[in-house]
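Structure first, then comments.
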Amino acid sequence: MRQIILDTETTGLSPRAGNRILEIGCVEVLNRQLSGNNLHHYINPERDSEEGALAVHGLTTEFLRDKPTFRQIAAEFLDYVRGAQIIIHNAPFDVGFLDAELALLDLPPFSEHVAEVIDTLQMAKELHPGRRNSLDALCDRYGIANAHRTLHGGLLDAALLAEVYLAMTRGQNSLTMDLGSGDEQGADGAALELAPLAEVIVVAAGEEDQRLHEDVLNQLDKEVRGTCVWRFEPPPPEAADAPPA
């Protein structure tokens with residue numbers, strides 16, 4: 001699934017009050033890796049920002065006056081997000097504004113253009129109940145550097161959220177390999193002779209590697225408020241197979 005981490009900046013808190021989107025930032029993630037195929041637009045909202053919103057994003061009416069309108073970037077934006085899984089922090093806010101902009105163009109709501117929308121704020125509340133779950137708080141919790149973030153910005157916030165999302169969902173779905181039936185076949189269906197395995201080379205972890213590994217385990221312990229599963233040592237096979245006393 002192609003994933004797009006999305007963030008908007010707006011002229012105020014409510015599209016019902018006539019507020020508009022003035023910046024969109026999108027970061028693409030493929031196979032849990034940042035692809036570099038990002039999308040970013042400053043947008044002329046055709047109105048002034050409210051004082052509180054201006055203090056957050058710092059994008060003045062004068063700066064935005066020569067930027068394209070949402071109508072002018074809508075086709076490119078929808079082509080970029082189409083069919084993707086969209087990840088947003090506090091998704092109802094951004095989706096509400098996107099729906100309002102699309103309605104002005106007589107276009108279907110945002111959810112009809114994408115596969116699904118995931119709200120990382122809701123995810124964070126479920127993972128960390130009773131704690132602060134703003135983007136800044138999550139950056140601190142997961143050790144993601146955001147000291148350079150003095151003002152909010154669509155692309156910067158999307159990039160930070162991408163790192164937060166990957167940290168929140170890190171792990172493997174399976175630690176096993178599908179070895180099949182053991183009968184390997186070539187493209188023509190003929191049986192292939194299995195070559196003997198080469199000598200296995202074991203490279204021991206150095207002190208720095210062990211320290212970094214311990215740092216990760218300590219962070220996982222914090223997140224589960226106890227001892228993470230990676231510290232569990234299973235009993236030796238003899239003990240596991242031994243009959244009960």
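The main-chain N or O of Ala137 is found under 3.5 Å from a side-chain atom of Ser134 such that the two form a donor-acceptor pair. Side-chain atoms of Asn19 come within 3.5 Å of backbone atoms of Ser14 as a donor-acceptor pair (strictly under, hydrogens ignored). Between the side chain of Asp119 and the main chain of Ala91, a donor-acceptor pair closer than 3.5 Å is present. Under a 3.5 Å cut-off, the side chain of His128 and the backbone N or O of Asn133 do not form any donor-acceptor pair. The closest donor-acceptor contact from the side chain of Arg131 to the backbone of Lys125 lies at 3.5 Å or more, if one exists at all. With hydrogens and angles ignored, the 3.5 Å screen pairs no side-chain donor or acceptor of His113 with any backbone N or O of Val81. Looking only at distances, a side-chain donor or acceptor of Asp94 sits under 3.5 Å from a matching main-chain atom of Thr8. At distances below 3.5 Å, not a single donor-acceptor pair connects side-chain atoms of Asn44 with backbone N or O atoms of Asp66.
Between the CG atom of Leu39 and the CD1 atom of Ile73 there is a distance of 7.0 Å, given to the nearest 0.5 Å. If you take CZ on Phe70 and CG on Leu105, they are separated by 6.5 Å, rounding to the nearest 0.5 Å. Separating the CG atom in Leu30 from the CD atom in Gln3 is a distance of 8.5 Å, to the nearest 0.5 Å. Atoms CG and CG, from Asp136 and Asp157 in turn, are 8.0 Å apart once rounded to the nearest 0.5 Å. Distance CG/Leu104 to OG1/Thr69: 11.0 Å, rounded to 0.5 Å. Ile87 CD1 to His89 NE2: the interatomic distance, rounded to the nearest 0.5 Å, is 13.0 Å.
For Arg20, the salt bridge (Lys or Arg N to Asp or Glu O under 4.0 Å) test picks out Glu46, Glu101, with sequence neighbours left out. Every residue meeting the salt bridge (Lys or Arg N to Asp or Glu O under 4.0 Å) condition with Glu28, not counting sequence neighbours, appears here in chain and number order: Arg2.
Val27 has its side chain within reach of Leu34: a pair of non-hydrogen atoms, C-beta onward, lies under 4.5 Å apart. For the pair Gln85/Val114, no side-chain contact is recorded, criterion being any heavy-atom separation below 4.5 Å from C-beta on. For the pair Thr11 and Asp48, the minimum side-chain heavy-atom distance is 4.5 Å or more. Side-chain contact check for Cys26 versus His40: every heavy-atom pair is 4.5 Å or farther apart.
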Assess the residue pair Arg65 and Thr60 against the criterion (side-chain hydrogen bond (donor to acceptor under 3.5 Å, both in side chains)); give the C-alpha distance rounded to whole Å, side-chain angles, the decisive distance to 0.1 Å, and a yes or no. CA-CA 9 Å; Arg65 186 168 290 120; Thr60 65; over 6 Å; no
So Met123 and Ile118, side chain to side chain contact (heavy atoms under 4.5 Å, CB included) or not? Walk me through it. CA-CA 8 Å; Met123 286 178 60; Ile118 293 176; 3.6 Å; yes
Does the side chain to side chain contact (heavy atoms under 4.5 Å, CB included) test come out yes or no for Tyr142 and Met168, once each step is laid out? CA-CA 8 Å; Tyr142 290 103; Met168 289 172 66; 3.4 Å; yes
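The hydrophobic cluster containing Ile5 does not contain Phe110, counting ILVMFWY residues as joined when their side-chain heavy atoms lie under 4.5 angstrom apart, directly or transitively.
Heavy atoms from other residues, nucleotides or ligands lying under 6.0 Å from CD of Glu116 number more than 12.
Leu22 shares a hydrophobic cluster with Tyr42, Leu59, Phe63, Leu64; the chain of contacts runs through ILVMFWY side chains whose heavy atoms sit under 4.5 Å apart.
Between Ala115 and Gly83, the shortest heavy-atom distance links the atoms CB-O, 3.5 Å.
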